[in-house]
Amino acid sequence: MFGYAGQILKIDLNTGDIFNEALDPDTARKFVGGVGMSAKLLYDTVKPNTDPMSSGNALIASSSPFSGTCLIGTNKTDWASKSPLTGLAQSAASGDFGTTLKWAGYDYMVITGKAARPVYITIFDDDVQIREAGELWGKDNYEAADELWDRYGDNCAIFSIGPAGEKLSKISMAYTNKQATAGRMASGAVMGSKKLKAIVVRGTRGLRVAHTKELLAKTEKLYETFWQSPNLQQWRDLGTTIAVEQYGREGKAAWKNWRESYPADRWINRFGVKEFMKVRDISLPCVLCPLSCKLIQTLKEGEFAGLENLQSCNMGAILSYGAKFDVLNYNQIVKCHDTANRLGVDTNDFCCLMDFLMELQEKGIIDEKTTDGLKLERNLETALTWLHKVAYREGLGNVIADGYPGIFAALGESLVKDTVQRRGSSLDFDPRGLFGTEGFGVAVGLTGPHATFALGPLVIGGRTPEQLRRYCERIGLTKDELDSVFSDPSGFNVARLTRHVERWNILLDIMGICSRPPLARSYSLSSITELYGLVTGIDLKPEDLLAASDRCANLLKLFNIGQGATRKDDYLPERYYTEPFYLLGEETWLKDYYNTRKLTRDDIEKLLDDYYEERGWDKNGVPTEKTLAELQLAGIK
Amino acid sequence: MTAAKTKVNKEAKEFPILAYPEKCTGCRTCQVMCSIRHLGEFNPLKSYITVTRDHGIRTTSLSFTSDCTWCGYCARFCPYGALILKKAANSKKEGE
């Protein structure tokens, strides 16, 4: 098969069996790759009501048909499991593991079972081995990766966990090459539950495509388009920090448990571009990425001088430690982030949980007895102390390590109303003040409340319906779909639009295309379709690729339903209806995108109906027989 | 499939590529482009360029194997200025 390695690597840690399954061409055509194949493999492998910490859960890695070729920014790896945190499908994309896996001869990898003793896996082309982890178990994430690079050379990609994953923390993460995260929803705990410390891969099998000459010519054009991208130099200089000052000015950095925005002046003084450039070091891109949103931050002077932070999501760290812990500068952010990444703790979840507990203590709802005799303060010391306590499950850290569900179980279910989360997973941002597809996506996100698949043009305020219509035409909406989205008297229906934004972003994920704007905008539906043909020799039409995206969404939904999810699991946090957000000092409520009226719980329920209808699901959010038949998924229930 | 080009670039009197390992980010673009041009497949570790890195993070050296044909295809695509064609570097100098 051109463009595909043609094999699925399956490893059963219960038995130690390792085998290769040939990739069925019809399956490749229907599910294409990336999250599309992850959804298929997850649905087929993990049975309903599986305990996510049991041997029945799977760790799935999926590359895309474009991964490993010369196409820029197509290196995403989709990691999927049943999440120990939410109990739903997990799908997090990061780094170049999948690309390297493909060069080793495998498009996908499925690991099931549980090892009797801690192990790691090495994949060197057809030499795949399960090895005793020995002293690697217990090492932090960076020490483990360095040790493995020493053993096997720097040309390997390494996926590893730290102590938090080993201790089955539901707010733990696994990392590729120390710096790219399979973030959110406890990928570290899935590895830990399997007693799997790391996976090392190196590939020299090579990959052939159907039409090399034409693909190279198109690649040159892609580069030309890419080099003309707006804000390209800013992206290369600042990475995800590109929006740091805008976030401050627009009040998008929330603290005090999502009650108010962080003071804008303090934000810009401490974390503005000028301050960031003092710690900015070299670029650290994924494979074949000419952009490099990842930038090493090195402390050249002051507190913790010499320390470097390798982790990719600079902006997430600033929003977390900068806002929620109110730390003083980039030196302190780098120290916190480095500590979390070594331990393997999910920074966003950790900071949101601590922000919530700090609010409880500030309000006198919990006292210092509950928090191991310690006062929870918004500062560096509290952050570092509790990162360790959570990672090693010490004292109340043992409770926090189990996320919101752990806290509710220990301190009382009545606290649910004081939290901003969905099914135990914390949010990235607050949609009160600007309610677009990202905001509605909090309620319906198939892999959690994060903006992953719902991120679209409405993340910026003031978009006109005409601008949105042009965007929708570009991402492949038919005339009927355009009519459905834009027949709403307010200009557009955010729920119906969310369904189509998700379809586009899932397609990008299927093709392994990075969502960073200069990369994602280098591709269009027609160019993706043409490139897929050049890479694989398979003749698909744009509507076939959009159908593959819908197949993925429906399979993820069916998977979640099989694990017990119902309409009740598609919701916005209660606090959005009952309390305002103080945006730069001004009281702000959940309103429609154009800020014309306040949205009630009933409004959101109505939008949920619209979303389900647009997806071809019934009132309970269950895909109808007709929808499944149209997607060639009939009988899959 | 494109035919692999294995002849040394006869026009160049000296090695035509300038290498700056300190600018190399390890993105492997050079290796991927080299391998497709000369091996007809995407296989970076079998390309004619060796990138040595310290624990997968910082590049310590950039070198070319004896199979390198001096074609400069790698440098055409390097996004970070770590490999530059001397011709391009010289013409830039002249233009300054």
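So you know, we letter chains A, B, ... as the sequences are listed, proteins then strands, and number each from 1.
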Where do B:Asn43 and A:Arg205 come nearest, in terms of heavy atoms and distance? ND2-C, 3.7 Å

Select one option (side chain, backbone, both, neither) describing which atoms of A:Thr99 are under 4.5 Å from chain B's heavy atoms. neither

Contact leader toward chain B among A:Leu284, A:Ile158, A:Asp96, where contacts are heavy-atom pairs under 4.5 Å: A:Leu284

So, applying side-chain contact (heavy atoms from CB on, under 4.5 Å) with B:Ile36, which one of A:Leu207, A:Thr69, A:Thr212 is it? A:Thr212

Less than 4.5 Å apart, any side-chain heavy atom of B:Arg58 and any of A:Asp281? yes

Which distance, rounded to the nearest 0.5 Å, do you find between the CD1 of A:Ile72 and the CZ of B:Phe77? 10.5 Å

Tell me, side chain or backbone of A:Lys178 under 4.5 Å from chain B's heavy atoms, or both, or neither? side chain

From the list A:Cys286, A:Gly206, A:Ser283, the residue making the most non-hydrogen contacts under 4.5 Å with chain B is A:Gly206

Are A:Leu216 and B:Met33 close enough that some pair of their side-chain heavy atoms sits under 4.5 Å apart? yes

Heavy-atom neighbours of A:Glu214 CD exceed 12 at 6.0 Å: yes

Most contact-rich option vs chain A, by heavy-atom pairs under 4.5 angstrom, among B:Gly26, B:Pro44, B:Cys30, is B:Pro44

Is the shortest side-chain heavy-atom distance between B:Arg28 and A:Trp103 below 4.5 Å? yes

OG1/B:Thr29 to OH/A:Tyr223 distance, rounded to the nearest 0.5 angstrom? 4.0 Å

Which value, rounded to the nearest 0.5 Å, describes the distance between B:Ile57 atom CD1 and A:Ile296 atom CD1? 6.0 Å

What part of A:Glu147 gets within 4.5 angstrom of chain B, counting heavy atoms only: side chain, backbone, both, or neither? neither

Which atoms of A:Leu288 are under 4.5 Å from chain B, going by heavy atoms: the side chain, the backbone, both sets, or neither? both

Can you tell if the side chain of A:Pro285 reaches within under 4.5 Å of the side chain of B:Tyr80, non-hydrogen atoms only? yes

Can you say whether A:Leu291 sits under 4.5 Å from chain B via the side chain, the backbone, both, or neither, judging by heavy atoms? backbone

Specify which of A:Asn177, A:Val287, A:Asn155 makes the most heavy-atom pairs with chain B at under 4.5 Å. A:Asn155

Hey, what do you get for NE2 (B:His55) to OH (A:Tyr142), rounding to the nearest 0.5 Å? 14.0 Å

